[in-house]
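Here is the structure we will look at, set down as structure tokens.
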Amino acid sequence: GASLSTHAASYNFSKIADGSGPLLAFSNAIPGSGLQSINAGGVVAFFATHDAGRRGIYRGVTAGDLVPPGTEWVSVAVTGGTYSDFNRGLPVINNLNQVAFRANKTAGGFGIFRNSTAIASNSDGFSELNDSPAINPTTSTLAMRGSKVIVVPFSDPGFWTASAAGSYTTVVTGTSGISSDGPSIN
């Protein structure tokens, strides 16, 4: 008979962040949400709580970041300024190291952001945006699920894509049959 090889794969692990400070909490940092995603280059985007009490979205350092030697992560978005909360969803990262996420805004309302740029929000007529957008691995195109107000108080659920310039296009809308799951994009 044929013999089977049972060699274990070899992996290299790199520390991106740990709970020794200034980032303290990763698990359950955002109750009910995912915590991290990774791109093809191994750069991770993740939620964490900072020792100053602020919650935020961070990503691993890349070659283009101007940071002191030994820095392992950079802030993408933190509470206390533009953002009041990242209470839902998963930050997603593409191969261009752009991070997309849903956040509540300090000034009121909510939005889907790519890095610090608002892509879609309640100001655009959305009454809801799903917890986690999807981002194309090699472009800046986003996909998102949400609902747009058609006649107050009625909303039309659907899926939208947003271009690199930030303009969005309706993919499909309808009053029934729209999945409650987030979108995916390739």
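Note that these values count all heavy atoms, side chains included, but never hydrogens, waters or copies made by symmetry. All values reported here derive from a predicted model rather than from experimental measurement.
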Could you give me the CA-CA distance, side-chain angles and deciding distance for Tyr83 and Phe110, then say whether ring pair (Phe, Tyr, Trp, His ring centres under 6.0 Å) is met?
CA-CA 9 Å; Tyr83 313 103; Phe110 54 86; over 10 Å; no

Could you check Arg114 against Ser140 for side chain to side chain contact (heavy atoms under 4.5 Å, CB included), going step by step and ending with a plain yes or no?
CA-CA 8 Å; Arg114 184 187 319 107; Ser140 299; 3.7 Å; yes

Is there a side chain to side chain contact (heavy atoms under 4.5 Å, CB included) between Phe113 and Val99? Walk through the geometry before answering.
CA-CA 8 Å; Phe113 297 83; Val99 179; over 6 Å; no

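Looking at every heavy atom in both residues, Ser75 comes nearest to Tyr58 through OG-CE2, 3.3 Å. Contact between Ser84 and Thr106 at its shortest, heavy atoms only, is N-OG1, 3.4 Å. Across all their heavy atoms, Pro91 and Ser37 have their closest contact at O-OG, 2.8 Å. Shown here for Pro137 and Asn94, the closest heavy-atom pair between the two residues is O-CB, 3.5 Å. Between Leu90 and Phe47 the shortest heavy-atom distance is CA-CE1, 4.0 Å. Considering every non-hydrogen atom in both Asn122 and Gly108, the closest pair reads OD1-O, 4.5 Å.
Ile112 and Leu96 are assigned to two separate hydrophobic clusters, defined by single-linkage of ILVMFWY side chains at heavy-atom distances under 4.5 Å.
Not counting sequence neighbours, the partners of Thr71 by the side-chain contact (heavy atoms from CB on, under 4.5 Å) test are Val61, Val67, Pro68. The salt bridge (charged side-chain N to carboxylate O under 4.0 Å, His left out) test applied to Asp65 returns Arg59, not counting sequence neighbours. Residues meeting the side-chain contact (heavy atoms from CB on, under 4.5 Å) test with Asn39, sequence neighbours left out: Val43, Ile93, Asn95, Asn97. Scored by the side-chain contact (heavy atoms from CB on, under 4.5 Å) test, Tyr11 finds Ala9, Phe13 as partners (sequence neighbours excluded). Residues meeting the side-chain hydrogen bond (donor to acceptor under 3.5 Å, both in side chains) test with Thr139, sequence neighbours left out: Asn136, Thr141.
Using a 4.5 Å cut-off on side-chain heavy atoms (C-beta onward), Val92 and Phe101 make no contact.
Distance check, rounded to the nearest 0.5 Å: CD1 of Ile57 to CZ of Phe86 gives 4.5 Å. If you take CG on Leu24 and OG1 on Thr49, they are separated by 7.5 Å, rounding to the nearest 0.5 Å.
Between His50 and Trp73, the angle of the ring planes goes over 60°, which puts this pair in the perpendicular group of the 30/60° scheme.
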Could you list the donor-acceptor pairs under 3.5 angstrom formed by side chains in residues 15-23, with sequence neighbours left out?
from: Lys15; atom 1: NZ; to: Asp18; atom 2: OD2; distance (Å): 3.3
from: Asp18; atom 1: OD1; to: Ser20; atom 2: N; distance (Å): 3.0
from: Asp18; atom 1: OD1; to: Ser20; atom 2: OG; distance (Å): 2.6

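With respect to Asp85, the salt bridge (Lys or Arg N to Asp or Glu O under 4.0 Å) criterion is satisfied by exactly one of Lys105, Arg102, Arg55, Arg54: Arg55.
For Lys148 (side chain) and Asp124 (main-chain N/O), a donor-acceptor pair under 3.5 Å exists by modelled atom type.
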